Number of protein chains: 2
Amino acid sequence: MKPAPLHEQIRSGIEARILSGAWPPGHPVPSEAELMAEHQCARMTVNKALTALAAAGLVERRRRAGTFVARPRSQAMVLEITDLAREVAARGEDYRWDLVRRSTERSDALGPMAPLLRIEGVHHAAGHPLAFESRLVNLAEVPAIADADLAAEAPGTWLLAHAPWTEAEHRITAEAANAALAEALACPLGSACLTIHRRTWRGAAPVTLVTQHFAPGRHELVARFGARTG
Amino acid sequence: MKPAPLHEQIRSGIEARILSGAWPPGHPVPSEAELMAEHQCARMTVNKALTALAAAGLVERRRRAGTFVARPRSQAMVLEITDLAREVAARGEDYRWDLVRRSTERSDALGPMAPLLRIEGVHHAAGHPLAFESRLVNLAEVPAIADADLAAEAPGTWLLAHAPWTEAEHRITAEAANAALAEALACPLGSACLTIHRRTWRGAAPVTLVTQHFAPGRHELVARFGARTG
DNA sequence: AGTCGGAATATGTATAGACATATTGGCGCG
DNA sequence: CGCGCCAATATGTCTATACATATTCCGACT
């Protein structure tokens, strides 16, 4: 086992005392001078550790006053949004994408009379419908998708590989299945479907607008805060 | 307007090129030597910028090879979980908490035969039921809650003020309303209810386990990635 | 007593240099 | 031709120092 870098040791040592509750919110963290005496190192090294903790929101640093354990005010959870194909494969199940509709139109949904590609289809896992997806893609931003084989590859997977780093907003709701959705997901009319509305931008330009309806009981989102991994 | 620190300028300059799509995944980022020549600064300064980008998952750094725009496996969205009372008040609506049940028990839900407080109640917004909440609190960790007036103040509000947790896990699903839930929320049987299962810990000790069922159409979660604020 | 201003303090940013380490590409040798 | 080793390279870590900046403390002056 290779020893961790010194600034990592300092960081994780302080982090452990915060996460264990030994240092409650508001508790002072030793100053850089104290830490550098304790660890026999230069100030830049302890500064690196404390700066990382501040970036992670675990501590608050105030000039002249010192460093203190942060009070968790707005709890910002980390919600991992993964590609469905990858997620299904990670569970060891077969994944399949069925393209249902592919058409072009112009509308104001993603900018004034923007040329749009409309895609509808169903994600399957282990042979059963997992999610119905309805998507608009801004052809002005991503013209290359017009040539993509969207029957073979889900549009989300294609976009992730070709234009992934965007800004995104997700709205998560529960919606009752209407007739068309019930048929697509092979579930009873009115079933409770977890629904994700996603909008993405590249810079200021809208890229895509997606709605995914998940089959009842077949999907859950997990959001975490803190060090807990399992 | 005070100029941003140099390492921030370097970081945001690179970040902009990645988010705009100008540098696609796998694209090489200039080496530290090139960046320090370009910005006329020391290597530590560009290192700070690149290290921050690597910590945020935007770039991948490989010794000898260089720095490259990362291929994202998943995007970590930021999901703000707020106190319901505060959220309702922020929308300018009246908030009310109705305590339905308050009892003690022992079970293994939060540790081996832990003494537990069970609380059930309904959050109201603008006079209508917003969410049914069922909660277990670990009395071994938070004994003071036994003396709290949980008819006047929702347990989530009380806990936030008295025993902030350090780690949390949320599971978000859609569930159909059963008879009891339909009555509590004054909604039809089988309605699609957005449901949040939350577990929190302080250090290694479980603190509370909450299930919140939201009335159909009355709540949505919002998660964001990137700089977009609205 | 109240307040204004300077000194003390802790963090914020940056430099120049040094050595460590992982990785890659090429060179030489069998 | 294939294999292994070495050197070049880019990042990783750390030091010692310097100056900037925000904040608080405290004393002096009104």
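If you're wondering where the values come from, they're calculated on a predicted model, not measured in any experiment. In what follows, chains are A, B, ... by sequence order, proteins preceding strands, each numbered from 1.
- Side chain of A:W97 to backbone of A:L150: a donor-acceptor contact under 3.5 angstrom is found.
- Considering only side-chain N and O atoms, B:R63 lies nowhere under 4.0 angstrom from the phosphate OP1 or OP2 of C:dT21.
- With rounding to whole Å, A:H39 atom NE2 is found 16 Å from D:dT13 atom C1'.
- The distance from atom CE of A:M36 to atom P of C:dA10 is 13 Å, rounded to the nearest whole Å.
- Counting only heavy atoms from C-beta on, A:M44 has its side chain closest to D:dT15 among C:dA22, D:dT15, D:dC19.
- Comparing C:dG12, D:dC14, D:dT11 by their nearest atom to the side chain of A:H7 picks out D:dC14.
- At least one side-chain heavy atom of A:I172 sits less than 4.5 Å from a side-chain heavy atom of A:L79.
- Between the CG atom of A:L53 and the P atom of C:dG12 there is a distance of 12 Å, rounded to whole Å.
- Rounded to whole angstrom, the span from the CD atom of A:E32 across to the C1' atom of D:dT17 amounts to 14 Å.
- Counting non-hydrogen atoms under 4.0 angstrom, B:T67 reaches the backbone sugars and phosphates but no base.
- As a whole-Å value, the separation of B:K48 NZ from D:dT13 P is 15 Å.
- Checked against B:T51 for a side-chain contact (heavy atoms from CB on, under 4.5 Å), the options B:H7, B:R61, B:R11 give a single hit: B:R61.
- Closest to the A:R64 side chain, of the nucleotides D:dT11, C:dT24, D:dT24, is D:dT24.
- Rounding to whole angstrom units, CG of residue A:L35 and P of D:dT15 are separated by 13 Å.
- Nearer to the 5' terminus of DNA chain D, by closest-nucleotide assignment, is the contact made by A:C41 (compared with the other of A:R62 and A:C41).
- If you check every strand for non-hydrogen atoms under 4.0 Å, B:L6 touches sugar and phosphate atoms only.
- Applying the 4.0 Å criterion to OP1 and OP2 of D:dT15, one finds that A:T45 has a side-chain N or O inside that range.
- In this structure, CD of A:Q9 is placed 12 Å from P of D:dT13, rounded to the nearest angstrom.
- Nearest approach of B:V142 to B:W158, heavy atoms of both residues: CG1-CZ3, 3.7 Å.
- A pairwise comparison of heavy atoms in A:P24 and A:A22 identifies CD-O, 3.4 Å as the closest pair.
- In this structure, the CZ atom of A:R61 is 12 Å from the P atom of C:dA10, given to the nearest Å.
- The side chain of B:R43 lies closest to D:dT13 when the candidates are D:dT13, D:dT15, C:dT13.
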